[in-house]
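All values derive from a computational prediction rather than experimental measurement. Quick note on labels: first sequence line is chain A, next is B, and so on, each numbered from 1. Quick note: numbers below take in every heavy atom, side chains included, and nothing from hydrogens, waters or symmetry partners.
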Amino acid sequence: MWNYFRDIGLGIVTVLTSMGVAWRHLFTRSVTLQYPTEKWTMPERSRMRLFNKIEDCIGCGQCARACPTDCITIQTEKRGKDEPEVFASDGTQIKLRTYVFDIDMALCCYCSLCTFPCPTHCLVMTPEYEYSVYDKLDHIYRFAKEKPLSGKAQKPHSEKTESHGQ
Amino acid sequence: MQSIAELLGLLPGYSSIPETYRALIPVVVSCVVIFACMALAVLFAVWLERKVSAHIQDRLGPMYVGGWHGWAQTLADAVKLLLKEDIVPASADKLLFKVAPFVVFLGAFAAFVVIPFGASSFVADLNIGLLYVFAVGSLSVIGIIMAGWASNNKYSLYGGMRAAAQIISYEIPSAIAIMTVVIPVGSLSLVEIVNAQQGGIQNWFIFRYPPLVFLGFIIYFIASLAEVNRTPFDIPEAESELVAGYHTEYSGMRFAFFFLAEYANMFLVASVATALFLGGWTWFVPESVVPQFIPGPVLFFGKVLALVFVQMWLRWSLPRLRVDQLMYLSWKVLLPASLALVLGVGWVTVYW
Ligand code: SF4
Ligand code: SF4
């Protein structure tokens, strides 16, 4: 009998307590971020989309070797003896002509392992994160600007990644 | 209804309609008016529920559709539900499956006929008004069992059976708790009950014979929550156990009707509680002190909305009860308490 009334009392008290908690939260500031209109400012070094400053890239391919998901495709050729010498902004001579430098951001796992070995620090991760697309193939970013001189066909991207996109 | 008939009489050519049909027109018109008001109220309540739930959980809720705080979100949802495909499962009992949502809705809708929204704005003043509300309200149980059975899905059937057990159990304490009002008034007519509470807040039944009728109000409120299957008593549609309970298989407009019926039922029980305990459309203070400057129906709707808000508030603060706890609460707590209240109120009315 005593337990019966104690349970009822306990029930009333707990219901009122939880209602009180709910009431307090009704007037606390909401934590929602109205995304497209309000945005977080990303930290300066956040690891989002990759960017390659192709003018500084010496085409050494260390980034492609470091990448665990194989999403960087590089094709290079030697510059001819008679061509003018080209230098990166830190003074390194660019002996190779990089005519394909494709990064498939759909495959990238944002580990940033590719940026550390880069000798000229030209491959960096940017805080840019809004780049969704309708077609996976649009996630392939092509940074190379130069054309091959030796008449080699310029392959668009490794077949492996292309077939992945379909 | 009388006033509707008078208004219609002003229409040109109204008196040339044969007498037999003319009697039907005010009925149809008032039904359409009630339906329209109810649909609007439900749209508003769904929006309110989303906002209340969101703010209790420190979110914002719908913010974009329509501009100001997403006020048109439920309109957009209603349009979406109208355009959706109406699927009837292959192994369902087709006829029952199709009829069930409308039976559930009918129960909620028909009961509004006797609710006095204002001094003269009600469709019918039945002398057995309360009995009628309870009788018609029970129709929804049949609809819910029909839906659960016809879906041919074990979760739906579980939901339907649970709903039946729950609604029937909780109808008893709520009906007995209402007796605490019916005994002093001596009438089942809702209009008379509201009239008996005129003359300020101290005459409202919630403050009569403190704390007897107040406890009756609490018991009625708890039991009515269970009758309309709201959390913490939403075991018939417990999402974590039964997918969605009796309306698992429903889609499109038929689902919308279940939804409409749930919110219409919330408004119904809140209206009954307002009329019985909170003075209905009557003003807070005696007319001689401050005259009533808010129209009766608006005041009534405001009180109903306050109760609906409490229902939502409870929903977002309490977890769901277990089946055995639910039955314990009804049979072992609410029923004895309401019986004791009726005895107490009866004694007070006779010997005070
Ligand atoms: S961040 Fe990682 S996965 Fe992405 S390209 Fe660089 S090494 Fe590859
Ligand atoms: S490691 Fe740096 S310099 Fe070498 S290929 Fe990659 S981006 Fe170019």
Side-chain angles (χ1 to χ4, degrees), chain A residues 1-49 105-106 108-110 125-139 166, chain B residues 48-65 67-70 173 211 214-215 217-219 221-222 225-226 230-233 306-307 309-322 324-338 340-341:
Chain A
M1 199 63 194
W2 162 244
N3 275 350
Y4 173 79
F5 286 109
R6 201 200 52 198
D7 283 351
I8 293 178
L10 211 61
I12 294 169
V13 170
T14 47
V15 165
L16 291 180
T17 316
S18 66
M19 283 176 86
V21 172
W23 183 259
R24 263 204 320 281
H25 277 274
L26 198 54
F27 298 105
T28 38
R29 253 182 75 81
S30 94
V31 293
T32 308
L33 193 77
Q34 291 298 95
Y35 163 62
T37 44
E38 300 167 25
K39 283 174 196 169
W40 273 341
T41 39
M42 301 304 291
E44 222 176 293
R45 296 205 165 186
S46 23
R47 305 202 311 214
M48 304 291 164
R49 188 164 71 188
M105 289 312 288
C108 177
C109 68
Y110 304 94
M125 300 204 95
T126 59
E128 172 64 38
Y129 58 94
E130 293 166 304
Y131 52 100
S132 25
V133 288
Y134 284 102
D135 188 345
K136 258 190 204 166
L137 291 183
D138 293 343
H139 265 317
Q166 261 117 43
Chain B
L48 187 73
E49 168 116 52
R50 289 184 168 182
K51 284 313 228 186
V52 168
S53 68
H55 282 279
I56 283 180
Q57 296 169 348
D58 292 355
R59 296 181 287 115
L60 283 175
M63 286 299 279
Y64 283 106
V65 187
W68 186 79
H69 283 258
F214 179 76
L215 287 177
F217 169 71
I218 298 292
I219 290 176
F221 192 76
I222 295 173
L225 267 185
R230 298 274 303 173
T231 323
F233 305 106
L307 282 183
F309 171 77
V310 177
Q311 291 180 346
M312 293 173 179
W313 180 13
L314 273 168
R315 170 168 181 184
W316 296 101
S317 29
L318 296 179
R320 184 184 304 131
L321 263 67
R322 263 191 342 244
D324 62 318
Q325 292 168 333
L326 190 89
M327 290 299 157
Y328 180 95
L329 181 63
S330 169
W331 294 105
K332 287 190 170 173
V333 181
L334 295 185
L335 186 60
S338 56
L341 274 183

| request: Decide whether T28(A) and D58(B) meet the rule of one side-chain donor and one side-chain acceptor closer than 3.5 Å. | output: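 Present: a donor and an acceptor within the cut-off.
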Considering only heavy atoms from C-beta outward, does the side chain of [X] approach that of [Y] to under 4.5 Å?
X: Y64(B); Y: Q34(A); value: yes
X: R59(B); Y: V31(A); value: no
X: V333(B); Y: D7(A); value: no
X: L26(A); Y: W316(B); value: no

| message | Within the supplied structure, the quantity of interest is the number of heavy atoms (other residues, nucleotides, ligands) at a distance under 6.0 Å from E130(A) CD; does it exceed 12? | response |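 Yes, enclosed.
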| So how far is it from K332(B) NZ to I8(A) CD1, rounded to the nearest 0.5 Å? |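 Going from the NZ atom of K332(B) to the CD1 atom of I8(A) covers 11.0 Å.
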| request: Quick one: pull up CD in Q57(B) and OG1 in T32(A) and give me the separation to the nearest 0.5 Å. | output: 10.0 Å
| query | If every non-hydrogen atom of S317(B) is compared with every non-hydrogen atom of M19(A), which pair is closest and at what distance? | reply |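 Smallest heavy-atom distance, with atoms named: OG-CG, 3.9 Å.
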| request: Take the angle between the ring planes of W23(A) and F309(B) and call it parallel below 30°, perpendicular above 60°, tilted in between. | output: perpendicular
| query | At a heavy-atom separation under 4.5 Å, does P336(B) approach chain A through its side chain, its backbone, both, or neither? | reply | side chain
| Counting distance only, does the side-chain N/O of S18(A) pair as donor-acceptor with the main-chain N or O of L318(B) below 3.5 Å? |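 Checked: no pair found.
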